[in-house]
Protein chains: 2
Amino acid sequence: MDLRQLRYFVGVARERNFTRAAEQLNIAQPPLSRQIQALEDELGVALLIRNSRPVRLTEAGRLFYEQALQVLGRVEQMRAATRRVGLNQNSVLSIGFVASTLYGGLPSLVRKLRHRTPDIEIQVLEMMSVQQIPALKEGRIDIGFGRLHHSDSGVVEIVLREERLTVAIPKDTPLAQDSAPLPIGALTGQKLIVYPKEPRPGYADQVLNLLHGHDVRPAEVQEVREIQTALGLVAAETGLCVIPSSARQMRSDVHYRLLEGERATSPVILYHRVGDTSPYIDLVKEVIREMYAENPPWLSAEHNLPTRPSFAE
Amino acid sequence: MDLRQLRYFVGVARERNFTRAAEQLNIAQPPLSRQIQALEDELGVALLIRNSRPVRLTEAGRLFYEQALQVLGRVEQMRAATRRVGLNQNSVLSIGFVASTLYGGLPSLVRKLRHRTPDIEIQVLEMMSVQQIPALKEGRIDIGFGRLHHSDSGVVEIVLREERLTVAIPKDTPLAQDSAPLPIGALTGQKLIVYPKEPRPGYADQVLNLLHGHDVRPAEVQEVREIQTALGLVAAETGLCVIPSSARQMRSDVHYRLLEGERATSPVILYHRVGDTSPYIDLVKEVIREMYAENPPWLSAEHNLPTRPSFAE
DNA sequence: CGACATAATACCCCTTGAGTATAATTGTAA
DNA sequence: TTACAATTATACTCAAGGGGTATTATGTCG
């Protein structure tokens, strides 16, 4: 498959007519027909219904059309962004983040950064905490927002906040009768669902370690790939799940209770390379400091321990 | 630009070595060098620093590398999804939505649909309300979630809920002293920011019409492209902005007050083609009915009029 | 500085995309 | 139903360009 084939197919799908599409694409009609055939051959799927005038799209073709439009748009953006960066010699700030920070301050941070530094290109990449460390060292990202402590001497970590943990409980079960914080001990003998299954060690192990440290043994532990699935299983009464408090808003058909206990928190951590002299690292810290001073909703005392980033004193 | 060039570049960027990359790509080293040169020529930007061993990426190259990875991944997904749909003869449910529904029930709806119908492919496309009507008629989408009433006889509309409107007010201004609902009349003589600038008519006109209907004349109206910008300007004390209540959570550094008044609401509307016999239309309604019965947080009485979708009685 | 690793260049081949002419198919109107 | 207009597929040819081999140029490290 080839971008040319995508462009050709989009032309035909839009015009619903090979001849006119060929004119717009500045080629003759036969090569256009052949390219579309080649595309269909490669996919092993018919995209167009030709024994009909005007030509119609199959279900697969309809799907392929919308996606092709998106891919072509993406390629255009990529070309433009690369030109901008290359020609103006301005630089790129690449930020890795774990999904859960999307429910906290990340979107707002990125918006503020873009606003404050129109001269640099900001790129955000979703990746798990453990993947962020090698990504930083290889230069694939410059800043990371994750949830795991690490021990790599090449990467600095700064704990931004300690978010309290919450237990998701199926409605209409005994534990869901109360809304008060739940002692960790109450999880003994319960079925537990943890995520993510990969990569390990990850947030799942943080939770399991916390329980182990309190001598709590769940009856059964089921691992799933992502939080959505985990909460789905909770709703289906398959078990309980421990989540960062900010993830409460993801589902409303389960019951939530804060987890009560010494270290029943999950940190949000900023990573960057040691000795990274880029002024943007400081800018990021500066903006974070401002944001924390505004006391945003995701920093509510109810769902966070009263700590502040070390640089925000 | 060509997918092959992207694959080649990704190979080189990953290996940081032309020779090894060429081996992995199953071609000889010289053609690889040439393709990368062609790519750089077309972009007019150097992606690699060659007078260094191992080869390093330029800033532009670093950006291009991450984006190329994403594009290639996207293409792979597209190929797989198209094959699935084409070979299994199963169909595609294509859903258009306005951005604001992302803060309501849309993510949950899509998740539930995917779960309930693993046999169909669900595609979601962000598009403005007015674009959804032609998209429905052309078959580009099957279901739309928008905020505007329309008068096209080929498209059915079902009002799902009437969301109350909220005024975003700069902090530390007189109107921000109180948190009680604000009468529409209070907007007289205020500077107003509306969005989106395009396409018209749109949500901006809904707001302006509402004010006009109450004989309220703002001092000045500034149009911006999207809500993020609008709220940014509010925070910068440029004026006030009327938003659907669910959008409150987007920014915490402005003050919010509900708008009080007869028709101070914005509907969330489900569109579909008249006479669409697909069973999935009914399934969507069924799932929506269930979701509304669960009383999710975005349906709180505070931010919605006490209406229910006509099919959910 | 010299040996080695590695990228660029020169040159050739042949795959493959594009053009022209024409056949086949579909839709429509008499 | 048939004939015609519109439109897509096929056959054949040409040539651009992607890829291979041999060789040169450049950078790295002992």
Side-chain angles (χ1 to χ4, degrees), chain A residues 1-58 60-62 64-65 68 72 75 79 86 138-139, chain B residues 1-58 60-62 64-65 68 72 75 79 86 138-139:
Chain A
M1 192 170 1
D2 185 344
L3 287 183
R4 185 185 358 193
Q5 292 176 324
L6 295 192
R7 294 197 189 94
Y8 287 5
F9 178 73
V10 165
V12 174
R14 184 156 36 211
E15 292 296 320
R16 286 159 161 69
N17 177 315
F18 280 72
T19 314
R20 274 203 306 282
E23 282 168 19
Q24 294 193 2
L25 295 166
N26 292 312
I27 59 169
Q29 168 262 316
L32 177 57
S33 289
R34 264 181 291 123
Q35 289 294 337
I36 302 294
Q37 285 169 20
L39 181 60
E40 290 179 317
D41 279 358
E42 187 199 326
L43 291 170
V45 164
L47 301 174
L48 294 168
I49 301 169
R50 295 138 147 102
N51 60 357
S52 143
R53 302 287 155 72
V55 168
R56 294 200 327 262
L57 293 174
T58 61
R62 201 160 67 105
F64 194 82
Y65 173 51
L72 291 176
V75 168
R79 189 203 306 264
E138 288 166 22
Chain B
M1 193 172 353
D2 187 344
L3 287 183
R4 180 181 335 133
Q5 291 176 325
L6 295 192
R7 293 198 190 92
Y8 287 5
F9 178 74
V10 165
V12 175
R14 185 158 34 211
E15 291 297 319
R16 286 159 161 69
N17 176 313
F18 279 73
T19 314
R20 274 202 307 282
E23 281 168 20
Q24 294 193 1
L25 294 166
N26 291 312
I27 58 171
Q29 169 262 317
L32 177 57
S33 289
R34 271 196 317 253
Q35 289 294 337
I36 303 294
Q37 286 168 18
L39 180 61
E40 289 178 318
D41 279 356
E42 188 199 325
L43 291 170
V45 164
L47 300 175
L48 294 169
I49 301 168
R50 293 138 209 266
N51 58 357
S52 142
R53 301 283 159 72
V55 168
R56 294 202 326 265
L57 292 174
T58 62
R62 201 161 68 106
F64 194 82
Y65 173 51
L72 291 175
V75 168
R79 190 201 306 265
E138 288 167 21

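Below, read A as the first sequence line, B as the second, and so on, with proteins coming before strands; counting in each chain starts at 1.
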Below 3.5 Å, can you tabulate the donor-acceptor pairs from side chains in residues 38-49 of chain B to any protein atom, sequence neighbours excluded?
from	atom 1	to	atom 2	distance (Å)
B/E40	OE1	B/R50	NH2	2.2
B/E40	OE2	B/L47	N	2.8
B/E40	OE2	B/L48	N	3.2
B/E40	OE2	B/R50	NH2	2.9
B/E42	OE1	B/M1	N	2.6
B/E42	OE2	A/R79	NH1	2.3
B/E42	OE2	B/M1	N	3.2

N/O donor to acceptor pairs below 3.5 angstrom from side-chain atoms of residues 19-28 of chain B, sequence neighbours left out:
from	atom 1	to	atom 2	distance (Å)
B/R20	NE	B/E15	OE1	3.1
B/R20	NH2	B/E15	O	3.3
B/Q24	NE2	B/E15	OE2	2.9

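In this entry the distance linking CG of B/D2 with C1' of C/dT16 reads 13 Å, nearest Å. Atom CG of B/L48 is separated from atom P of C/dT6 by 16 Å (rounded to the nearest Å). Rounded to a whole Å, the CZ atom of B/R4 is 15 Å from the P atom of C/dT15.
Put simply, the side chain of B/R16 gets close to the backbone of B/A13: a donor and an acceptor are under 3.5 Å apart.
With a heavy-atom cut-off of 4.0 Å to chain B, the contacted part of DNA chain D has its first and last nucleotide at D/dG18 to D/dT28.
Atoms CZ and CZ, on A/R56 and A/R62 in that order, are 12.0 Å from each other to the nearest 0.5 Å. Rounded to the nearest 0.5 Å, atoms CG (A/L3) and CG (A/L72) are 6.5 Å apart. Of the inter-residue distances, the one linking B/Q35 atom CD with B/L6 atom CG reads 11.0 Å to the nearest 0.5 angstrom.
Side-chain contact check for B/F9 versus B/L57: some heavy-atom pair is nearer than 4.5 Å.
The rotation axes computed at either terminus of the helix from C/dC1-D/dG30 to C/dA30-D/dT1 lie 30° apart, taking five pairs at each end and rounding to 10 degrees.
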Find every protein N or O atom lying less than 3.5 Å from an N or O atom of nucleotides 20-28 of chain C, and list the pairs.
from	atom 1	to	atom 2	distance (Å)
C/dG27	OP1	A/R53	N	3.4

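What you find for A/F18 and A/V12 is that their closest heavy atoms are CE1-CG1, 3.9 Å.
Put simply, A/Q35 has no side-chain N or O that comes within less than 4.0 Å of OP1 or OP2 on C/dT16.
Within a heavy-atom distance below 4.0 Å of DNA chain C, the residues of residues 8-21 of chain A found are A/Y8.
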